[in-house]
Amino acid sequence: MEMTGREIWTTIHGMVFGFIFLLGFSGALYAVYAMRPEWLTAEGMKRTINLTKTFVWGLALSAWGAVITGTYIVYPWYRARPPEGTTDLTTFPRSFLLADESIAGWHEFGMEWKEHVAFLAPIAATVVAFIVSYYGPTLARKVGERRAVMIFFIVSFAAAAVAGLFGAFITKAAPVR
Amino acid sequence: MANKITVSDNKPNGPVAAALLAGGIGSGLFGLIVLLSEVSESFGTALNWYNPVGPLSGKSILGVGIFFIAWLVLHSMWKDKEVNFDGISTASLVLLAIGLLGTFPPVWHLLGGG
């Protein structure tokens, strides 16, 4: 039941920030989708929008938390170069993966995609959070704006899902220790 | 409550269009920066602003910086204005798609990078 400092940060990156975002996405998307004047009373709309604002800003902050901790805390451990002559590469995940052709694809495709596409998630989620906050209940009457918000939100989720999925696979193949 | 909704209806769409387009610009240019850094080794090396993170440091700082600066500039231009939302929305989604393509490794390989 012990965790190293690196494992704790990896957990905060993926299982706290990343997990909160991925778990909360469907609820927030439905809240935006269900913002229709014909479905909600004025009072229902007010309550829904207040909750949705908190929800989407929380998700955007989680997405920023995931990419910042991932890039500037966990990633340097992942990509660290082993000293000359090192034979045990288990504490150097990138080099460990690249040393074996059968698992090199986890870095060459998986990590390369994950580390870049992940940045689209917080950018798109922040845009969504701002628009939901700005319009408030009026968003229910703005069909085009609501559609754009949902597309941005889905792209944000897709980017985070790619990052999360490959993060889990890569951690299984070559964990940061 | 009905009054509140009516009052909000008068809000200009400029700030929303600004946020959306800034998101598109940030994503699209981030995708292009990533693509260029994979195709051009010298450009990739130039983005190594913080050694432990490597070129990803420059790419991430530039991409996020562009997003926030674009948002600030567009917001100050459009904060009180009604703009053509459909056109801006379409442009934003195209830029977002460019961001997705630019961060996808097979696209780098197609252009001789990666």
Side-chain angles (χ1 to χ4, degrees), chain A residues 37 41-46 49 64 67-68 70-73 75-81 105 108-142 144-145 147-149 151-152 155-156 158-159 162, chain B residues 1-13 15-28 30-31 33-35 37-38 50-54 56-57 59-61 63-64 66-68 71 75 85-86 88-90 92-93 96-97 99-100 102-106 108-109 114:
Chain A
T41 61
E43 185 60 26
M45 188 78 76
K46 187 181 166 191
I49 197 69
W64 282 115
V67 295
I68 291 167
T71 304
Y72 289 94
I73 298 176
Y75 184 61
W77 296 325
Y78 170 86
R79 76 183 293 273
R81 306 241 177 221
E108 289 167 349
F109 176 73
M111 190 65 190
E112 292 282 7
W113 192 17
K114 165 192 162 62
E115 74 189 41
H116 294 110
V117 78
F119 274 91
L120 303 187
I123 290 175
T126 303
V127 170
V128 169
F130 173 79
I131 296 174
V132 169
S133 296
Y134 178 79
Y135 273 141
T138 315
L139 188 58
R141 297 179 187 177
K142 309 272 184 187
E145 283 84 341
R147 189 181 303 126
V149 161
I151 294 172
F152 259 65
V155 168
S156 173
V162 166
Chain B
M1 184 60 214
N3 274 349
K4 276 191 179 174
I5 291 179
T6 308
V7 169
S8 305
D9 272 348
N10 295 329
K11 282 185 171 180
N13 67 6
V16 167
L20 206 64
L21 188 56
I25 290 170
S27 304
F30 177 70
I33 289 165
V34 169
L35 180 62
S37 74
E38 295 296 331
Y50 175 56
N51 216 31
V53 176
L56 185 58
S57 55
K59 295 178 217 174
S60 60
I61 291 167
V64 172
I66 287 167
F67 164 56
F68 282 112
W71 193 357
H75 185 85
F85 185 80
D86 288 345
I88 288 167
S89 173
T90 304
S92 305
L93 295 176
L96 194 59
L100 286 171
T103 53
F104 191 49
W108 315 338
H109 301 150

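So you know, we letter chains A, B, ... as the sequences are listed, proteins then strands, and number each from 1.
- Comparing B:Ser57, B:Ser60, B:Ala17 by heavy-atom pairs within less than 4.5 Å of chain A, the highest count is held by B:Ser60.
- Nearest heavy atom pair, residue A:Ala148 against residue B:Leu20, reads CB-CD2, 3.8 Å.
- Ranked by non-hydrogen atom pairs under 4.5 Å with chain B, the options A:Pro76, A:Gly144, A:Ala118 are led by A:Pro76.
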Just distance, no hydrogens or angles: give the donor-acceptor pairs under 3.5 Å from side chains in residues 127-134 of chain A, sequence neighbours left out.
from	atom 1	to	atom 2	distance (Å)
A:Ser133	OG	A:Trp57	NE1	2.6
A:Ser133	OG	A:Ala129	O	3.0
A:Tyr134	OH	B:Pro12	O	2.6

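- With rounding to the nearest 0.5 angstrom, the CG atom of B:Leu56 is 6.5 Å from the OH atom of A:Tyr72.
- A 4.5 Å side-chain heavy-atom check between A:Lys142 and B:Phe85 finds every atom pair outside the cut-off.
- With rounding to the nearest 0.5 angstrom, the CG atom of B:Leu93 is 5.0 Å from the CD1 atom of A:Ile151.
- In this structure, A:Phe109 and B:Phe104 have perpendicular ring planes: the angle between them is above 60°, well past the 30° mark.
- Only the side chain of B:Ser89 comes within contact range of chain A, with heavy atoms under 4.5 Å apart.
- When A:Trp77, A:Trp64, A:Tyr78 are compared by the number of non-hydrogen pairs under 4.5 Å with chain B, A:Trp64 comes out ahead.
- The parts of B:Val53 that come within reach of chain A are both its backbone and its side chain, each placing non-hydrogen atoms under 4.5 angstrom from that chain.
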Query - Full working for side-chain contact (heavy atoms from CB on, under 4.5 Å) between A:Phe119 and B:Lys59 - result: CA-CA 10 Å; A:Phe119 274 91; B:Lys59 295 178 217 174; over 6 Å; no
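- The two residues A:Ile123 and B:Ser27 have their closest heavy-atom pair at CG2-OG, 3.8 Å.
- Contact tally against chain A (heavy-atom pairs below 4.5 Å) for B:Gly102, B:Gly54, B:Ala22, B:Gly31: the top residue is B:Gly54.
- Chosen from A:Val67, A:Thr126, A:Val162, the residue pairing most often with chain B at heavy-atom distances under 4.5 Å is A:Thr126.
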Query raised in the report: Hey, mind stepping through A:His116 and B:Glu38 against side-chain contact (heavy atoms from CB on, under 4.5 Å) and telling me if it holds?
Result: CA-CA 11 Å; A:His116 294 110; B:Glu38 295 296 331; 3.9 Å; yes
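- Every residue two or more places apart in sequence or in another chain was checked for a ring-ring contact (aromatic ring centres under 6.0 Å, His included) with B:Tyr50, and none qualifies.
- The part of B:Asn51 that comes within reach of chain A is its backbone (N, CA, C, O), which places non-hydrogen atoms under 4.5 angstrom from that chain.
- For chain B, the nearby part of A:Val155 is the side chain; its heavy atoms alone come within less than 4.5 Å.
- Contacts with chain B were tallied for A:Arg81, A:Glu108, A:Glu145, A:Glu115; A:Glu145 has the most, counting heavy-atom pairs under 4.5 Å.
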